[in-house]
Amino acid sequence: MKFVSLHTHNTESHGDGFGTVVEHGQRVHELGMSAVAMTDHRNTNCHVELEMIGQQLGLKTIYGCEFNVTERDAKERRQFHQTVLAMDEEGYRNLNRLVTISYKQSYQWPRIYTDQILDPELTKGLIVLSGCADSWLSCTILGGKAWGDRREDWRQEDIQAGRVLIEQFQEVYDDRYYLECQQFPGLERSTILNQAFMDLSQVTGVKPVVTADVHYPNGDDNEMQRLLHAAHRGGTVTTMDADWEYNILLTYPESDAQVINALKQQQLTDEEANRCLDTTAEIAARCNVELPRSEPVRYKGDKIASTVTESMGFQEIAAETLKEWIEEGIDYRLRTNPAFKKRFEANEQGYIDRILTEFPVIDSKGFCDYFLVTADLVVHAKDIGIGVGPGRGSAAGSLICYLLRITEIDPMQFPLMQFERFIDPSRDDMPDIDIDFQDDRRWEMFQYAADTYGPDYTANIGSKTRYRGKTALNDVGRAYQIPFAPLRKITDLIVDRPDGDPRENDSVSDTIESFEAAQEVVDQYPMLALAARLEGNIRGMGMHAAGLVISNTPISDVCAVYTKTKADGTEASIVSFDKRAAERLGMLKLDMLGLATM
């Protein structure tokens, strides 16, 4: 299949897209497409998952975003849409840069200004499509959004204004600007716009390209789009029907012939339709991006080992410093803890053997800097009187963690506490040390990290909010106006499973199958069955309660950074990925929890 979807939304479009990136990737692969672009609304949250499914299925992956665009300082909810794709590494950096800027300029939604999308410096390496029927160009020709009411047909002055705008884009993007023709013969507005774009293409030389504005992987997911709109906007499916043409399927075309036929129904010639199709493959060939990675994080404090020489590499420096810190840790415990002194003197060789077991594993996996960074944070907190927990989880099984003062539990006292539960020698996963800090002073630790490594190198981790069993059922009930009493019969039976559970997204279907009372309610209100399909989709992106990432590269060079205003009025920077994705890109993740009872 020659067609490539260059305008695609998935569940990361938060209320305006259904299906995970994996489900979309599988559908694209099934249809025989060679590549796919993801262009979620106002965010780049799915890019790591897109990379992973692309590698798994042999798909070329194209990274993009559909921006909200408005004039500078406009106080207008109705903002234009603009489809933007990263063509190369510089383009990907600029894509992240624009997303980062958009969150700092939020009004109703994250937005960029018209002069920014036309800024030659901000847009190097980007390919821009003119956008959907709500784009800047579309609204210039047929009205809508910030340009007032929609018009049923264009006037000559509208075409002239559109040509002027196209020439502005050409001046900045040259051949990286394309006219986006959407293959929806059932939409009169799209049909009129496509005909206008063909005329403008002839006059300006800008190539047309066809898109399907995909919002879900399969045609029978159309009802889920209806439901998501209602759930996300607080309405019902009845009110949504008044604002949206749900008879138009926003999914992948199943063949090139289907695309050509749809465009011809919009009165494009066979030659024009084939040109639009060919351009999808042309753009896909031009987009070649590997997601950037952060170099491994290095300890940047001033407590470097005295044995370090100029000829040593980063890893050698970290290893030498960690050795010295371990020795200092033994001295500290001997001075301050009589019980430890007694145990150590009675079994000194056992302690040394344990250290010699743990250290080579840590060093061989390149984890020395991780231990230095973590220990530096914890010791700093303890030295200035911030309460720190004694240690939780498998990290308590590490003697080195105890000697570095990361934990306060000597695992030599407890033979069943094994180091291998903390770091498995057969796996390369980063260690995961959860640290409890005094809640009202935890912010000081975030500030210390920012001061040590630089504010551009530290940020909070993003956290995705998913539809779970009860929330999915409640939103379906509200959208379809199902009475509360029968809905309560099912929700009372639901047990939402924790993250990582192999059936974490199956609690609704499991409940319906397991309880006759639940099945009876679904038989009476069949639309409740949609909750099983909704479960696991993403409602939104927030800030992880405890997660901090540190990068050895400016974070904005690796991914977009979102700005969030917290309840106390201060602003926080949040990476556009969750903890697993951030780790995949080389960032160091720390869990710094707050305990009010400490």
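Just so it is clear, the values below take in all heavy atoms, side chains as well, and ignore hydrogens, waters and symmetry mates.
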Quick one: does Leu85's side chain get under 4.5 Å of Arg286's, heavy atoms only?
no

Heavy-atom pair with the smallest gap, counting every atom of Ala532 and Val508:
N-CG1, 3.7 Å

Regarding Arg497 and Asp510, does a basic nitrogen lie under 4.0 Å from an acidic carboxylate oxygen?
yes

Between Tyr351 and Met412, is any pair of side-chain heavy atoms under 4.5 Å apart?
yes

Has the side chain of Ser398 got a donor or acceptor atom that lies under 3.5 Å from a matching backbone atom of Cys401?
yes

Does any non-hydrogen side-chain atom of Phe18 lie less than 4.5 Å from one of His215?
no

Is Asp40 reaching over with its side chain to a backbone N or O of Asn43, donor-acceptor style, under 3.5 angstrom?
no

Start with the C-alpha gap between Trp109 and Tyr103, add the side-chain angles, then the distance that decides, and say whether ring-ring contact (aromatic ring centres under 6.0 Å, His included) holds.
CA-CA 8 Å; Trp109 296 282; Tyr103 275 77; over 10 Å; no

Count the heavy atoms belonging to other residues, nucleotides or ligands that lie under 6.0 Å from CE of Met417, then report whether that count exceeds 12.
yes

side-chain hydrogen bond (donor to acceptor under 3.5 Å, both in side chains), paired with Arg392, selected from Asp434, Asp591, Asp436:
Asp436

Residue pair Phe3 / Thr211, side-chain heavy-atom distance below 4.5 Å:
no

Is the charged tip of Arg42 near the ring of Phe67: under 6.0 Å from the six-membered ring centre and within 45° of its axis?
no

Counting only N and O atoms by type, is there a donor-acceptor contact under 3.5 Å from the side chain of Asp221 to the main-chain atoms of Met224?
no

Assess whether side-chain contact (heavy atoms from CB on, under 4.5 Å) is satisfied between Tyr63 and Cys287, documenting all intermediate values.
CA-CA 8 Å; Tyr63 305 98; Cys287 294; over 6 Å; no

Hey, does Ile538 have a side-chain heavy atom less than 4.5 Å from the side chain of Thr20?
no

Regarding Tyr252 and His24, is there a side-chain donor-to-acceptor distance under 3.5 Å anywhere?
yes

Which pair of non-hydrogen atoms, one from Ser551 and one from Val558, has the smallest distance, and what is that distance?
OG-CG2, 4.5 Å

Hey, are Arg405 and Asp383 close enough for a salt bridge, meaning a charged N less than 4.0 Å from a carboxylate O?
yes

Less than 4.0 Å between a side-chain N and a carboxylate O, is that true for Glu51 and Arg584?
yes

For Pro217 and Gly19, which heavy atoms make the closest approach, and how far apart are they?
CD-CA, 4.3 Å

Just checking Lys104: does its NZ atom have more than 12 heavy atoms from other residues, nucleotides or ligands closer to it than 6.0 angstrom?
no

If we count only N and O atoms by modelled type, under 3.5 Å, do the side chains of Ser514 and Thr511 hold a donor and an acceptor together?
no

Using side-chain contact (heavy atoms from CB on, under 4.5 Å) as the criterion, point out the one residue from Thr374, Leu372, Ile423 that pairs with Phe367.
Ile423

Distance-minimising heavy-atom pair for Ala449 and Leu377:
CB-CD2, 4.1 Å

Do the charged groups of Asp475 and Arg539 touch, with an N to O distance under 4.0 Å?
yes

With a 6.0 Å cut-off on the ring centroids, do Tyr92 and His47 count as close?
yes

Between the main-chain N or O of Met87 and the side-chain N or O of Glu90, is there a donor-acceptor pair closer than 3.5 Å?
no

Of all the heavy-atom pairs spanning Glu121 and Asn94, show the shortest one and how long it is.
O-ND2, 3.7 Å

Side chains of residues 452-462: which donor-acceptor partners sit under 3.5 Å, not counting sequence neighbours?
residue: Thr452; atom: OG1; partner: Tyr448; partner atom: O; Å: 2.8
residue: Thr458; atom: OG1; partner: Gly454; partner atom: O; Å: 3.4
residue: Asn460; atom: ND2; partner: Ser573; partner atom: O; Å: 3.1

Taking 4.0 angstrom as the limit, do Asp428 and Lys365 come out as a salt bridge?
yes

Check whether more than 12 heavy atoms from other residues, nucleotides or ligands sit under 6.0 Å from atom NZ of Lys300, and answer yes or no.
yes

Can any side-chain N or O of Asp88 pair as donor or acceptor with the backbone N or O of Gly91 at less than 3.5 Å?
yes

Starting from the C-alpha separation in whole Å, work towards a yes-or-no answer on side-chain contact (heavy atoms from CB on, under 4.5 Å) for Asn337 and Lys341.
CA-CA 6 Å; Asn337 190 327; Lys341 183 177 181 180; over 6 Å; no

Check against side-chain contact (heavy atoms from CB on, under 4.5 Å), Thr39 and Cys65
CA-CA 4 Å; Thr39 54; Cys65 178; 5.8 Å; no

Got more than 12 heavy atoms from elsewhere within 6.0 Å of CZ, Arg293?
yes

Passes side-chain contact (heavy atoms from CB on, under 4.5 Å), Asn10 versus Cys46? Steps please.
CA-CA 9 Å; Asn10 59 77; Cys46 78; 3.7 Å; yes

Might you work through the salt bridge (charged side-chain N to carboxylate O under 4.0 Å, His left out) test for Arg441 and Glu444, ending with a clear yes or no?
CA-CA 5 Å; Arg441 298 187 66 185; Glu444 295 179 47; 2.7 Å; yes

Heavy-atom donor-acceptor pair, Thr100 side chain to Val561 backbone, under 3.5 Å
yes

Could you check whether Arg333 makes a cation-pi contact with Tyr402, meaning its NZ or CZ is under 6.0 Å from the centre of the six-membered ring and within 45° of the ring axis?
yes

Is there a donor-acceptor contact under 3.5 Å from the side chain of Asp578 to the main chain of Ser463?
no

Hey, is Asp501 close enough to Arg503 for a salt bridge, meaning N to O under 4.0 Å?
no

Quick one, Val36 and Val4 - any side-chain contact, counting heavy atoms below 4.5 Å?
no

Among Glu535, Arg466, Arg468, whose side-chain hydrogen bond (donor to acceptor under 3.5 Å, both in side chains) with Asn505 holds?
Arg468

Pairing donors with acceptors under 3.5 angstrom, does anything connect the side chains of Gln438 and Asp440?
yes

Atom of Asp496, atom of Ser507 and distance for their closest heavy-atom approach
OD1-OG, 3.8 Å

Would His9 and His41 count as a close aromatic pair, with their ring centres under 6.0 Å?
yes

With no hydrogens and no angle check, do the side chains of Tyr562 and Asn45 hold a donor and an acceptor under 3.5 Å apart?
yes

Quick one: does Arg298's side chain get under 4.5 Å of Pro296's, heavy atoms only?
yes

Flag the pair Glu30 and Arg27 as a salt bridge only when some basic side-chain nitrogen lies within less than 4.0 angstrom of an acidic carboxylate oxygen.
yes

Show your reasoning for whether salt bridge (charged side-chain N to carboxylate O under 4.0 Å, His left out) applies to Asp376 and Lys303.
CA-CA 9 Å; Asp376 179 57; Lys303 304 170 190 172; 3.7 Å; yes

Determine all donor-acceptor pairs shorter than 3.5 Å in which one atom belongs to a side chain in residues 311-320; sequence neighbours excluded.
residue: Ser311; atom: OG; partner: Thr309; partner atom: OG1; Å: 3.1
residue: Gln315; atom: NE2; partner: Asp363; partner atom: O; Å: 3.1
residue: Glu316; atom: OE1; partner: Gly313; partner atom: N; Å: 3.0
residue: Glu320; atom: OE1; partner: Thr307; partner atom: OG1; Å: 2.8
residue: Glu320; atom: OE2; partner: Lys323; partner atom: NZ; Å: 3.4

Hey, does Arg354 have a side-chain heavy atom less than 4.5 Å from the side chain of Phe419?
yes

Tell me if a side-chain donor or acceptor on Glu324 pairs with a main-chain N or O of Ser306 at a distance below 3.5 Å.
yes

